[in-house]
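The block underneath contains the structure these notes are about, expressed in structure tokens.
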There are 2 protein chains.
Amino acid sequence: MTFAQFSRQAGLSRGDICREILASHRESIKAKKEATAVKNLELIFDATLALANQKGFQAMTVRDLSRATGLSMGALYDYFTSKEELLEMVLSTGRRVVMRLLEKGLQEAEGPVEQLRSAIRTHLFLSEAMQPFFFFAYMEARHLGEEQKERAKQSELATERLLAEIIQRGVKAGLMATADHQMAAALIKAMLQDWYLKRWKYAKRRLSVDRYAGFVEQAALALCLAPGLPSPCGETSKS
Amino acid sequence: MTFAQFSRQAGLSRGDICREILASHRESIKAKKEATAVKNLELIFDATLALANQKGFQAMTVRDLSRATGLSMGALYDYFTSKEELLEMVLSTGRRVVMRLLEKGLQEAEGPVEQLRSAIRTHLFLSEAMQPFFFFAYMEARHLGEEQKERAKQSELATERLLAEIIQRGVKAGLMATADHQMAAALIKAMLQDWYLKRWKYAKRRLSVDRYAGFVEQAALALCLAPGLPSPCGETSKS
DNA sequence: GTCTATATACGGATAGAC
DNA sequence: GTCTATCCGTATATAGAC
């Protein structure tokens with residue numbers, strides 16, 4: 001699977017996402033006509049991610065948002081009741097879309113090695129297609145209220161667990177060998193996240209997601225398939 | 001080298017750092033007696049990192065800082081002339097201390113493999129000893145002015161280059177084999193950073209830096225020493 | 001459904017007492 | 001050297017015209 005193939009079948013256009021926002025916040029959004037509501041929500045969604053990723057959500061003012069979308073202050077407040085609700089709106093909808101696609105993408109591969117490959121690619125392609133959202137969710141997580149912060153942590157642990165379970169099955173099947181499957185999963189996850197966190201670096205090098213995915217696959221397999229690893233307890237050699 | 005050994009020899013107490021802040025900002029700090037100045041700078045330094053890491057530097061108000069340090073608004077402004085200068089003060093001093101220790105720590109190892117090990121441990125131990133600072137510098141980097149942001153990126157690239165050069169020497173010496181030493185360095189760096197970015201996760205698992213360092217060393221060597229890697233250009237198998 | 005104008009609050013920074 | 005009191009700008013949110 002390449003990113004081009006993934007994009008075609010995923011169907012996660014801005015329109016789809018904003019229709020989902022509208023559906024799940026029907027009561028608090030004043031606009032009645034779906035067409036205009038979705039059009040304005042797209043403006044708001046895009047501008048919020050762009051501005052917040054540049055200067056931080058809390059530094060971004062509603063006036064900035066007004067300037068960027070072309071909507072007035074009053075019009076904006078017809079789509080959310082407070083700046084905090086705007087944050088919640090973007091995060092909760094984004095998380096729902098991501099979860100749905102992650103689960104869908106992982107049911108097709110067979111065998112631990114192919115599943116690990118598939119998980120890596122799906123995660124990378126998803127974060128490529130929705131890079132502004134992934135970056136936003138990562139960076140703003142700690143500014144959330146306790147309940148929402150807990151949800152963010154659970155989301156991190158859930159994807160780690162998904163990787164760990166694949167590796168565990170690989171070890172049981174005798175196809176993989178690693179001292180600690182949870183730790184292997186954590187390290188792989190760190191490599192996956194670097195792709196959307198250091199966008200500027202990889203963009204400057206004109207590195208495609210497909211190539212990056214190839215490297216991470218290699219690294220993950222080197223880590224999980226490597227034979228005869230010493231138990232990693234503090235010192236691993238004279239060092 | 002273990003973290004305990006590193007801590008003993010490094011000598012990067014809060015006092016040392018704040019004496020350095022004082023020295024490099026002597027003109028703008030109104031307090032004359034070194035003892036009181038350093039004492040208050042320690043309060044300010046600690047509280048700034050704690051508050052900013054919890055809610056973000058820009059969301060942290062000077063009034064919050066006043067409450068946390070026990071100093072009044074007026075007193076605080078005797079130590080910096082603006083909130084922005086406070087940010088610059090913390091970041092520039094921290095970066096200087098980190099750079100000094102990184103370079104010092106790397107002159108002792110011999111041979112590419114030992115150097116790679118040493119670089120990994122030094123980086124991890126440093127980020128452990130100064131975790132609040134590392135987290136702060138990472139998270140606040142994008143809120144800086146253009147010049148400061150450029151410095152932050154250069155700092156990222158510099159440590160990556162350091163790793164890449166070790167690996168390149170290893171390949172030349174026939175001790176390592178990797179398709180792309182820069183990419184290998186980037187992935188290792190991502191694993192190093194996860195330690196201070198996901199503190200909550202590893203703390204909950206009661207994982208020590210020494211154990212984490214062992215895992216990353218293993219992963220790095222698996223990645224660099226692995227024999228017969230296929231060239232990672234997009235597809236690496238039927239997949 | 002969208003706009004302008006404004007109420008209200010809060011944050012950064014400073015002046016001047018002690 | 002530290003404090004209290006205050007100025008001034010700006011941000012969120014709303015009321016009411018069009």
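Note that this is a predicted model, so its numbers are computed, not measured. Note: hydrogens, waters and symmetry copies are ignored here, and every other heavy atom, side chains too, is used. Residue numbers begin at 1 in each chain, while the letters A, B, ... track the order of the sequences.
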Whole Å only: how far is the [atom1] atom of [X] from the [atom2] atom of [N]?
| X | N | atom1 | atom2 | value |
| --- | --- | --- | --- | --- |
| A:Asp78 | D:dA15 | CG | C1' | 12 Å |
| A:Arg67 | C:dC3 | CZ | P | 15 Å |
| A:Lys39 | C:dT2 | NZ | C1' | 11 Å |
| B:Ile29 | D:dT2 | CD1 | P | 12 Å |
| B:Lys33 | D:dT2 | NZ | P | 9 Å |
| A:Leu76 | D:dA15 | CG | P | 17 Å |

Tell me whether the rings of A:Phe125 and A:Phe6 are parallel (<30°), tilted (30 to 60°) or perpendicular (>60°).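 Rings of A:Phe125 and A:Phe6: tilted, 30 to 60°.
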Review point. Relative to the ring of B:Trp195, is the ring of B:Tyr202 parallel (under 30°), tilted (30 to 60°) or perpendicular (over 60°)?
Key: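 B:Tyr202 and B:Trp195: parallel rings.
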Looking only at side chains, do B:Gln193 and A:Lys198 share a donor and an acceptor under 3.5 Å apart?
->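 On atom types as modelled, these side chains qualify, holding a pair under 3.5 Å.
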B:Arg14 CZ: over 12 foreign heavy atoms closer than 6.0 Å:
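Atom CZ in B:Arg14 is not packed in, count stays at 12 or less.
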For nucleotides 12-18 of chain C, 5' to 3', base contacts (B), sugar-phosphate-only contacts (S) and non-contacts (-) with protein non-hydrogen atoms under 4.0 Å give BBB----
Describe the nucleic acid contact of B:Asp64 in one word from base, sugar-phosphate, nothing, applying a heavy-atom distance below 4.0 Å.
->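 Answer is nothing: B:Asp64 stays at 4.0 Å or more from every strand.
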Exercise for the section: Work out which heavy atom in B:Lys189 is nearest to a heavy atom in B:Leu163; give both atom names and the distance. Expected result: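 Taking B:Lys189 first and B:Leu163 second, the nearest heavy atoms are N-CD1, 4.3 Å.
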Tabulate below the donor-acceptor pairs under 3.5 Å that side-chain atoms of residues 49-60 of chain B make, not counting sequence neighbours, or state none.
| residue | atom | partner | partner atom | Å |
| --- | --- | --- | --- | --- |
| B:Asn53 | ND2 | B:Leu49 | O | 3.3 |
| B:Asn53 | ND2 | B:Pro132 | O | 3.0 |
| B:Lys55 | NZ | B:Asp64 | OD2 | 3.0 |

